[in-house]
Amino acid sequence: MPRSERLTRSQLAISSVLLAPRLLGARVRSTVGGELVEIRLTEVEAYEGIDDPASHAYRGPTARNGVMFGPAGFLYTYFTYGMHWCANIVCAEPGRASAVLLRAGTVVLGHETARARRPAARSDRDLARGPARLAQCLALGREHNGLDLLSTRASVRLMSLGPGPSLRAGPVAIVQGPRVGIRVATDRPWRFWLADEPSVSAFRPGVLKARAARPAH
DNA sequence: AGGACGATTAACT
DNA sequence: GTTAATCGTCCTC
């Protein structure tokens with residue numbers, strides 16, 4: 001069996017829609033806090049940066065989304081709903097602000113640590129089922145925003161791309177559909193997941209809600 | 001300075 | 001199926 005080549009930054013300098021399916025099956029390794037947890041990605045979403053109304057980067061750079069406008073291979077973490085962190089892999093060329101949201105995975109190393117970090121998980125399949133749960137398994141937070149996932153010394157690393165849809169020895173069935181929890185650009189089917197994976201999160205359409213009319217004056 | 005809302009989750013009925 | 005939790009960010013005034 002040939003030794004796998006080291007992942008390069010140029011392999012990640014492609015659009016999020018192209019990269020997302022290639023990340024399925026990839027390993028993300030965390031050694032945060034001196035504890036090893038490694039996850040195999042089973043569900044991701046592409047966010048096409050400045051061209052995508054659903055992206056955090058759509059309205060231009062801010063203090064929060066600055067990392068998205070930088071080079072590929074860096075981690076973009078954000079805080080949401082007042083309590084959860086989620087994680088993305090920045091891709092494409094600087095300025096495009098494309099990124100892939102890590103939505104779900106299975107724990108392949110550090111199961112005991114993952115369970116300790118996710119006490120609410122009723123079963124192994126729930127450990128990293130959902131973007132905030134995945135981030136919690138890997139102990140990701142604000143301090144990891146902007147981290148270089150390709151550095152061998154980083155506490156969070158992207159170990160390789162996934163096998164992809166065209167692997168000859170054992171085809172990997174990849175499914176594509178609408179993204180979860182967004183209210184705009186819902187017609188873009190940029191969520192990708194592995195078929196028959198119990199760790200894939202439930203689809204919840206973005207809540208339709210009329211925008212409150214601004215008082216005229 | 002104020003307020004609406006969110007790339008969610010867990011706990012309910 | 002529904003909903004509370006909870007606060008950083010961003011938009012508006």
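By convention in this document, chain letters (A, B, ...) are assigned in the order of the sequence lines, proteins followed by strands, and residues within each chain are numbered from 1.
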Undergrad: Taking salt bridge (charged side-chain N to carboxylate O under 4.0 Å, His left out) as the cut-off, I'd like each qualifying pair that reaches into residues 49-69 of chain A, sequence neighbours left out, listed once.
TA: A:D51-A:R96, A:D52-A:R179
Undergrad: Enumerate, atom names and distances included, each donor-acceptor pair closer than 3.5 Å involving a side-chain atom of residues 10-21 of chain A, sequence neighbours excluded.
TA:
| from | atom 1 | to | atom 2 | distance (Å) |
| --- | --- | --- | --- | --- |
| A:S10 | OG | A:T8 | OG1 | 3.3 |
| A:Q11 | OE1 | A:T8 | N | 3.0 |
| A:Q11 | OE1 | A:T8 | OG1 | 3.3 |
| A:S15 | OG | A:V17 | N | 3.4 |
| A:S15 | OG | A:L18 | N | 3.3 |
| A:S16 | OG | A:Y47 | N | 3.4 |
| A:S16 | OG | A:Y47 | O | 3.3 |
| A:S16 | OG | A:E48 | OE2 | 2.3 |

Undergrad: Could you identify which residues of residues 79-105 of chain A place a heavy atom less than 4.0 Å from some atom of DNA chain C, listed by residue number, or say none?
TA: A:F79, A:Y81, A:G82, A:M83
Undergrad: Between atom CZ in A:F203 and atom P in C:dG1, what is the gap in whole Å?
TA: 12 Å
Undergrad: Can you list the residues that meet the salt bridge (Lys or Arg N to Asp or Glu O under 4.0 Å) rule with A:R118, with sequence neighbours excluded?
TA: none
Undergrad: Take atom CG of A:L134 and atom P of B:dT9, then tell me their distance rounded to the nearest Å.
TA: 10 Å
Undergrad: For DNA chain B, what residues of residues 186-198 of chain A have any heavy atom nearer than 4.0 Å?
TA: none
Undergrad: Write out all pairs satisfying salt bridge (charged side-chain N to carboxylate O under 4.0 Å, His left out) with one or both partners inside residues 126-152 of chain A, taking only residues at least two apart or from two chains.
TA: A:R9-A:D148
Undergrad: Which pairs pass side chain to side chain donor-acceptor pair (under 3.5 Å) with one or both residues in residues 70-94 of chain A, sequence neighbours excluded?
TA: A:H56-A:Y76
Undergrad: What donor-acceptor contacts under 3.5 angstrom involve side-chain atoms of residues 100-108 of chain A, with partners at least two apart or in another chain?
TA:
| from | atom 1 | to | atom 2 | distance (Å) |
| --- | --- | --- | --- | --- |
| A:R103 | NE | A:E43 | OE2 | 3.0 |
| A:R103 | NE | A:S201 | OG | 3.4 |
| A:R103 | NH2 | A:S201 | OG | 3.0 |
| A:T106 | OG1 | A:R40 | NH1 | 3.4 |

Undergrad: Please evaluate residues A:E197 and A:T42 with respect to the criterion side-chain hydrogen bond (donor to acceptor under 3.5 Å, both in side chains), reporting the C-alpha separation (whole Å), side-chain torsions for both, the decisive distance (0.1 Å), and the verdict.
TA: CA-CA 7 Å; A:E197 269 293 335; A:T42 58; 4.8 Å; no
Undergrad: Mind checking what makes side chain to side chain contact (heavy atoms under 4.5 Å, CB included) contact with A:Y58, not counting sequence neighbours?
TA: A:P53
Undergrad: Please list, in numerical order, the residues of residues 56-70 of chain A that have a heavy atom closer than 4.0 Å to any atom of DNA chain B.
TA: A:H56, A:M68
Undergrad: Among residues 120-133 of chain A, which contact DNA chain B at a heavy-atom distance under 4.0 Å?
TA: A:A120, A:G130, A:P131, A:A132, A:R133
Undergrad: In dot-bracket notation, what is the pairing pattern of DNA chain B, taking Watson-Crick (N1-N3 plus N6-O4 or O6-N4) and G-U wobble (N1-O2 and O6-N3) contacts under 3.5 Å, with [ ] crossing and | for other strands?
TA: ||||||.|||||.
Undergrad: Decide yes or no for A:P178 and A:T186: does some side-chain heavy atom of the first lie under 4.5 Å from some side-chain heavy atom of the second?
TA: no
